[in-house]
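Data block below; observations after.
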Amino acid sequence: MDYRKCAQEIYDTVGKRENLVSAAHCATRLRLVTKDNSKVDMKVLEDIDGVKGVFSSNGQLQIIIGTGTVNKVYDEFLDISGMTAATKDDVKAAAAASQPLPKRMVKALGDVFVPILPAIVASGLMMGLVEALGNAIPTFADTGWYSFLDMISGTAFSYLPVLVAISAARVFGGNLFLGAVIGLAMIHSNLINAWSVAGMASSDIPVWNLLNITIGGFTWGNVRAVGYQGHVIPVIIAVYFMCWLEKQLHKIVPEVIDLFVTPLVTVLVTTFLTFTTIGPVFSTLETYVLSFASWLITLPFGLGALVMGAIYPLTVVCGIHHMYNVIEAGLLSEGSLNIWMPIASAANFAQCGACLAVALKTKKAKNRTIAIPSALSASLGITEPAIFGVNLRYMRPLICGMIGGAIGAAFGTIMNIGANAYGVTGIPGFLIVDSHYILPYAILLLISGGIAFALCFAVFRDEEDEPAKKEPASPAIETESNTVYCPVEGNVIARADIPDATFASGALGDGVGIEPTTGVVVAPFDGTISTVAETKHAVGISSNDGLEMLIHVGIDTVAMNGKGFEPQVAEGDTVKAGQVLLRFSMDEIRKAGYSTTTAVLICNADEFDTFQVEKTGPAKQMEKLVVCK
């Protein structure tokens, strides 16, 4: 293979230096970030001699070249392009920065909420249970235990702006404690609790006249003394601005006074803009949203409920869903049933169904750990963990939940389902729904949750599996004198069953997958080590008879950056069959959320006349595995 020719053709096809942001490689793939992928002719790229496949993943252009050759092509690519070598983390960061603004915003929301999920999940579960007990046992609601548990369960939600502010400061690169100050200021005890404002006359709300600037009938620079309990978006926007301002001040303020000038100016300017601009704008949007919602739920044939059931999760994202209590309280005060509660229940339970589908289908242990308790919390009416921790991050589950919620909400309105109280949805909603509607309410939950679950289970795929491009399998061929012995003890599966589309397709060669029972890889024949991956998870070995083999431990384990892997050989080493090549920790791989399935592939299988797998099922090391002739 002419490595330089391959690199030159790739370089020309991707748009040369002016369209390149960064370049790196793993054991098998050249990973590029381009400024504009639409300028790349994928068909031409795939037809380049030496390229075995191409796909785009999370902003990265991944070009499959193969073990033992990708590093040589990469070196030539750097020489031709004049670029410097980048790490895989550098490429990921560049890819993220090149994503469209909506995707970056959604990713930022996920990054902010994932670290605080344990606190939200704990509070959400306890809140649902305490409310259910209080409604089921009225006398319990008058006890000290109820008050104590109610206080604990509401803590994370009462002080949510503080948690969000600290996490947002971490994501946006600001001082965590300055972020905490911004969050605390937005729910300070000198402010009226946001949930208490609904029952107050506008004239009773204190206003602090700071600048009192009037332009065209609009007054700016005054602050309504109202907190931001339950809000998310204004907190994130405020902290984003805070982090930007802090970074700018660090650049221009002399070091000798930076320690006290930068924090002072950052907090003062940020809080002033938050209370005079960011907060009021968001409050105005809230008013419009709620007025629109009140009009929608009165439309005939459940059309309004259909719309509200769909967009309800989006109002959770904006942090304004708590204000729907105003609608519910208004309905009950007029002596009618609370017909909003079934809409909210349908929307919440649909997010539960979508989140549960992710928990059952995901291959990542970390995702499952988050999704299962989040789905349980959503079934009790607390959907923030499910939406921010799972569904919004992957988007498809959120959309599936919106569809299920829309259909369930329309059903609830058509059936005239109503409740005698408010504040409880999901399974605890059985305690407040009117006794005439117990069965229809159960059907509503089944419809909304069931549709969302079925749709999400059908369309959800983990991020790493999303972009994989299946290539046609290499033709089944038999071989002659070359024998491959089992390098890893475990259960041998067909190549097509390897849980990675690139390996399973045969794009990197023919072979098998092994589900290991021990963390030791040995040489499958006498030969020479052609490559050891930088991240230590893969080894390439060439036999004395001309076989070129890749042993890739785990699926997507390149992301572990070598943690849990201990290579026992180096590139260029001569090895004997049975010699230990690599030790790895299966526990570390599973803890990181990846599959331990090991790909054992003959990269040049198409150079042999025949190819025969000799062993499937349970196998010990050094049992005959494959024969090529």
Side-chain angles (χ1 to χ4, degrees), residues 21-22 33 84-99 101 104-117 119 156 159-191 208-213 220-229 231-282 319 388 561:
V21 177
S22 64
V33 176
T84 56
T87 65
K88 286 177 285 295
D89 287 339
D90 293 334
V91 170
K92 285 183 179 179
S98 67
Q99 291 289 293
L101 180 60
R104 296 205 305 272
M105 292 174 66
V106 169
K107 183 179 184 300
L109 281 175
D111 291 343
V112 167
F113 269 84
V114 167
I116 63 178
L117 278 177
Y159 297 93
L160 183 61
V162 180
L163 299 178
V164 170
I166 293 172
S167 186
R170 178 190 59 81
V171 170
F172 299 133
N175 185 291
L176 301 187
F177 301 101
L178 293 183
V181 170
I182 300 302
L184 287 166
M186 296 178 76
I187 57 169
H188 197 281
S189 57
N190 286 351
L191 302 171
W208 298 332
N209 297 313
L210 304 182
L211 297 181
N212 204 28
I213 298 174
W220 179 80
N222 297 337
V223 175
R224 293 171 78 243
V226 177
Y228 290 86
Q229 286 82 1
H231 294 305
V232 171
I233 300 301
V235 182
I236 294 176
I237 293 172
V239 174
Y240 176 83
F241 174 80
M242 182 210 81
C243 295
W244 175 84
L245 179 60
E246 182 189 9
K247 292 173 185 176
Q248 300 307 310
L249 290 173
H250 280 312
K251 294 177 183 178
I252 62 177
V253 175
E255 290 185 8
V256 67
I257 59 174
D258 180 64
L259 180 63
F260 57 89
V261 169
T262 295
L264 174 64
V265 174
T266 298
V267 171
L268 184 59
V269 172
T270 301
T271 50
F272 177 78
L273 287 178
T274 297
F275 282 97
T276 59
T277 306
I278 297 173
V281 168
F282 191 79
F388 288 105
N561 293 316

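Keep in mind that the numbers below use all heavy atoms, side chains included, and drop hydrogens, waters and symmetry copies.
For the atom pair Met242 CE and Thr274 OG1, the distance stands at 10.0 Å (nearest 0.5 Å). Separation of atoms CZ (Phe241) and CD1 (Ile237) is listed at 12.0 Å; rounding is to 0.5 Å. For the atom pair Lys251 NZ and Leu249 CG, the distance stands at 10.5 Å (nearest 0.5 Å).
Under the rule for a ring pair (Phe, Tyr, Trp, His ring centres under 6.0 Å), the partners of Phe172 that lie at least two apart in sequence or sit in another chain are Tyr240. For Trp220, the side-chain hydrogen bond (donor to acceptor under 3.5 Å, both in side chains) partners two or more places apart in sequence, or in a different chain, are Thr277. Scanning for side-chain contact (heavy atoms from CB on, under 4.5 Å) contacts around Val261 gives Val253, Ile257, Val265, with sequence neighbours left out. For Leu210, the side-chain contact (heavy atoms from CB on, under 4.5 Å) partners at least two apart in sequence or on another chain are Trp208, Val223, Phe272.
Ser167 places no side-chain N or O within 3.5 Å of a backbone atom of Val164 that could act as its donor or acceptor partner.
For the pair Ala169 and Gly179, the tightest heavy-atom approach, listed with the atom from each and the gap, is CB-CA, 4.2 Å. Residue Ala238 comes nearest to Ile278 through the heavy atom pair CA-CD1, 3.9 Å, listed as atom of the first residue, atom of the second, then distance.
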Report, one line per pair, each donor and acceptor closer than 3.5 Å where one atom sits in a side chain of residues 180-188; sequence neighbours left out.
{"unit_1": "His188", "atom_1": "ND1", "unit_2": "Asn190", "atom_2": "N", "d": "3.0"}

CA sep, side-chain torsions, deciding dist, call: Asn222, Thr276, side-chain contact (heavy atoms from CB on, under 4.5 Å): CA-CA 6 Å; Asn222 297 337; Thr276 59; over 6 Å; no
Going through the checks in order, is the side-chain contact (heavy atoms from CB on, under 4.5 Å) test met by Leu191 and Val226? CA-CA 5 Å; Leu191 302 171; Val226 177; 5.9 Å; no
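Between Val267 and Leu178 there is a side-chain heavy-atom pair separated by less than 4.5 Å.
Screening residues 256-270 for side chain to side chain donor-acceptor pair (under 3.5 Å) gives His250-Asp258, Asp258-Thr262 as the qualifying pairs, with residues at least two apart or on separate chains.
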